[in-house]
K.L.:
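Handing you a structure now.
Residue numbers begin at 1 in each chain, while the letters A, B, ... track the order of the sequences. Computed from a prediction, not measured in an experiment: that's the story for all the values here.
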Amino acid sequence: MPELPEVEHVVRALQTVVAGRVIVKAELHRQRLAPDITPRSFAKKLAGATIKFIHRRGKHILFDLDNRRTLIVHLRMSGKFLLLTSDDADPKFAHAVFYFSDETRLVFQDQRHFGLMKLVDTSKLYEAKELSKLAPEPFSDEFSPGYLITRLKASNRALKEFLLDQTKVCGLGNIYASEALFLAKISPSKRTQAVSKARAEALFISIRDVLDEAIRSGGSIEVDPRNIGEGVYGEGSETAWRVYDRENEACPDCGSAIRRIKQAGRSTYYCGKCQR
DNA sequence: ACCCTCACCTGCACGC
DNA sequence: TGCGTGCAGGTGAGGG
């Protein structure tokens, strides 16, 4: 269910715990987790591979293998990784399992079944349709106030919906989109073309601040090797959210009641007084 | 090209 | 206790 900071946290944990390990056997228990590949082919292409490096693009986790392939994983709403030992049974919803030589195994568990995996040639990784249309990484030079202004002008949706579009801005999800708009003091319903240059610049800063703050707080979480990939929001992160999930609570800046509205079928939280 | 709605799943909290 | 409803951090397909 994670947004970019939680995926970043999962990637760091995986890099610590499974980088350098050899996959001696792999099983795809649920075909639709990886619809482009048969369970048989999945097993064959992963068996014997060493996990070289784990990184990320947007909310996608990328396992670079030593056989010129990369495993792309998206956690979607409920996907998580668990590192289990031979004493542990597979939990419910264990849709893929990677066995290592030391009797441990990495289990991909996904209660809601929305997660996705895909195996691609590493040389063509960024041509994969999952990655090719993503907006620039939010901390890259390519993502700039100028970039944001151009994309805002090219669209005319409500700003909150725009922020959730990973081809426009990458990494925000439903929580951090609300949070970024609160920091920038802009209404989530404002049309993207009506955002002034100055306010677009403020929004640019807020997007980075929200993500950076969340990555920092997640970075302080101790890695639980049995539950390395839960992608949880940082310890006590709910208390750090300024408006998300706080309908009718007091705005931290002005004290007026935080509102909840529906946009594109999803809840948006904001302060009607501070955000115009 | 954009924009909107729905679909994909399970589980949990809520009101009656 | 149960049952119905609405909700959940994400996206893609399919329509207009």
K.L.:
Select from A:Arg32 and A:Lys168 the residue whose nearest nucleotide in DNA chain B is closer to the 5' end of that strand.
P.N.:
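With A:Arg32 and A:Lys168 compared, the 5'-side residue is A:Lys168.
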K.L.:
Pull out every stem in DNA chain C, meaning runs of 3 or more consecutive Watson-Crick or G-U wobble pairs with both distances under 3.5 Å.
P.N.:
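For DNA chain C the paired stretches long enough to count as stems (3 pairs minimum) are B:2-8 with C:10-16, B:10-16 with C:2-8.
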K.L.:
Classify the ring geometry between A:His55 and A:Phe53 as parallel (under 30°), tilted (30 to 60°) or perpendicular (over 60°).
P.N.:
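A:His55 and A:Phe53: parallel rings.
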K.L.:
Going by the angle between their ring planes, with limits at 30° and 60°, are A:Phe93 and A:His113 parallel, tilted or perpendicular?
P.N.:
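A:Phe93 and A:His113: perpendicular rings.
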K.L.:
Pick the nucleotide of DNA chain B nearest each of A:Ala154 and A:Gly265; which residue has the one closer to the 5' end?
P.N.:
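Residue closer to the 5' terminus by nearest nucleotide: A:Ala154.
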K.L.:
Mark this stacking check for A:Phe114 against B:dC8 as yes or no, applying ring centres under 5.5 Å and ring planes under 30°.
P.N.:
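Here the ring of A:Phe114 and the base of B:dC8 are stacked, with centres under 5.5 Å and planes under 30°.
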K.L.:
Apply side chain to side chain contact (heavy atoms under 4.5 Å, CB included) to A:Val210 and A:Phe182, showing your working.
P.N.:
CA-CA 10 Å; A:Val210 156; A:Phe182 175 75; over 6 Å; no
K.L.:
Any side-chain N or O of A:His74 under 4.0 Å from OP1/OP2 of C:dG10?
P.N.:
no
K.L.:
Between A:Arg157 and B:dC3, is there a contact of a side-chain N or O with OP1 or OP2 at under 4.0 Å?
P.N.:
yes
K.L.:
Is the shortest side-chain N to carboxylate O distance from A:Glu8 to A:Arg56 below 4.0 Å?
P.N.:
yes
K.L.:
Under a 4.0 Å threshold between the charged nitrogen and the carboxylate oxygen, would A:Glu3 count as salt-bridged to A:Lys59?
P.N.:
no
K.L.:
With DNA chain C as reference, determine whether A:Gln111 or A:Lys129 sits nearer its 5' end, using the nearest nucleotide of each.
P.N.:
A:Gln111
K.L.:
With rounding to the closest Å, how many angstrom separate the P atoms on B:dC12 and C:dT11?
P.N.:
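It works out to 24 Å between them.
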K.L.:
When you check the gap from the basic side-chain N to the acidic O, do A:Asp102 and A:Arg21 get nearer than 4.0 Å?
P.N.:
yes
